[in-house]
K.L.:
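This is the structure I want to talk about, given as structure tokens.
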Amino acid sequence: MGSRTDPADLSAERTQRILDVLRSIGPGEVVTYGEIAADAGYPRQSRFVGRVLATTDEEVPWWRVVNAAGRLVPGHEREQSALLRAEGVAVEGGRVRRATYGRFRG
DNA sequence: TTGATGACAGACG
DNA sequence: CCGTCTGCCATCA
């Protein structure tokens, strides 16, 4: 057996950590990719978060994730804004208000 | 193996 | 507000 860790395993571990953080996001909370990456223990790896969301089969609250500018997910803006509004999050002009993100919620 | 790509972020102009 | 460039790193042609 290889004593060196396979890249696939490292990737899987990061993926699990990120999924874990995603599952910890509660209703009404809105978090950025960078925040999720940092919470998972991988600061500055926000792109990885996007990839996980785009490829995973797990049921994670993807609609509670926005980019640093508060922009909604490209191609899912309509559904995402509907889901967020249903949780009481203010969405205006295809983006979430700054004051609504973070673990604090308002 | 290299180069391009991406549900990103931050700095610049 | 927008576009461009760099950093980050797995994935794909």
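First the proteins, then the strands, lettered A, B, ... as listed; each starts at 1.
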K.L.:
Separation of A:E13 atom CD from C:dC9 atom P, in whole Å?
P.N.:
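Going from A:E13 (CD) to C:dC9 (P), I get 15 Å.
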
K.L.:
Rounding to a whole Å, what distance do you find between A:R44:CZ and B:dG10:P?
P.N.:
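Atom-to-atom, A:R44 to B:dG10, this comes out as 9 Å.
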
K.L.:
Would you mind telling me which of C:dC2, B:dG6, C:dA10 lies closest to the side-chain atoms of A:S11?
P.N.:
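Within the option list, the nearest is C:dA10.
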
K.L.:
Could you tell me whether the side chain of A:V52 reaches within less than 4.5 Å of the side chain of A:V49, counting heavy atoms only?
P.N.:
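Heavy-atom side-chain distance check fails, nothing below 4.5 Å.
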
K.L.:
Looking at every strand, decide which applies to A:A54 at a 4.0 Å heavy-atom threshold: base, sugar-phosphate, or nothing.
P.N.:
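Counting heavy atoms under 4.0 Å across all strands, the contact made by A:A54 includes a base.
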
K.L.:
Check the distance between B:dC8's C1' and A:E35's CD and give it to me in whole angstrom.
P.N.:
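For the pair A:E35 CD and B:dC8 C1', the rounded distance is 13 Å.
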
K.L.:
Taking for each residue the nucleotide of DNA chain C bearing the nearest heavy atom, is the 5' side occupied by A:Q45 or by A:R71?
P.N.:
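It is A:R71 whose nearest nucleotide is closer to the 5' end.
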
K.L.:
Please answer whether the main-chain N or O of A:G70 pairs with a side-chain N or O of A:Y101 as donor and acceptor at a distance below 3.5 Å.
P.N.:
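Checking the backbone N and O of A:G70 against the side chain of A:Y101, a donor-acceptor pair under 3.5 Å is found.
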
K.L.:
CH2 of A:W62 versus P of B:dA7: gap in Å, rounded?
P.N.:
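Distance, rounded to whole Å: 14 Å.
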
K.L.:
Determine: side-chain N/O of A:R14 to OP1/OP2 of C:dA10, distance under 4.0 Å, yes or no.
P.N.:
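Yes, A:R14 has a side-chain N/O under 4.0 Å of OP1/OP2 on C:dA10.
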
K.L.:
Can you tell which of C:dC2, B:dA9, C:dA10 lies closest to the side chain of A:R51?
P.N.:
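The answer is C:dA10.
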
K.L.:
Calculate the interatomic distance between A:E79 atom CD and B:dA7 atom C1'; express it in whole Å.
P.N.:
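So the two atoms are 13 Å apart, to the nearest Å.
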
K.L.:
In whole Å, what is the span from the CD1 atom of A:I18 to the P atom of B:dC8?
P.N.:
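Rounded to whole Å, this separation is 13 Å.
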
K.L.:
Nearest whole Å is fine: how far is B:dA7 C1' from A:E58 CD?
P.N.:
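Result: 17 Å.
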
K.L.:
Return yes if some donor-acceptor pair links the side-chain N/O of A:E35 with the main-chain N/O of A:V65 below 3.5 Å, else return no.
P.N.:
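No, because the side chain of A:E35 does not come within donor-acceptor range (under 3.5 Å) of the backbone of A:V65.
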
K.L.:
Give a yes or no on this: more than 12 heavy atoms of other residues, nucleotides or ligands lie within 6.0 Å of atom CZ of A:R23.
P.N.:
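Check passes, neighbour count above 12.
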
K.L.:
Between atom CZ in A:R78 and atom P in B:dA7, what is the gap in whole Å?
P.N.:
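The answer, rounded to whole Å, is 22 Å.
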
K.L.:
Given side chain to side chain contact (heavy atoms under 4.5 Å, CB included), test A:F48 with A:R17 step by step and report yes or no.
P.N.:
CA-CA 11 Å; A:F48 204 97; A:R17 295 268 244 153; over 6 Å; no

K.L.:
Of the nucleotides C:dT11, B:dA7, B:dG10, which has the atom closest to the A:V73 side chain?
P.N.:
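Closest of the options to the side chain of A:V73: B:dA7.
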
K.L.:
Considering only side-chain heavy atoms of A:N67, which listed nucleotide, C:dC9, B:dC8, B:dG10, is closest?
P.N.:
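Minimum distance to the A:N67 side chain belongs to B:dC8.
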
K.L.:
Test for a donor-acceptor pair under 3.5 Å between the base of B:dG6 and the side chain of A:R47, counting only N and O atoms.
P.N.:
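Such a pair exists between side chain and base.
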
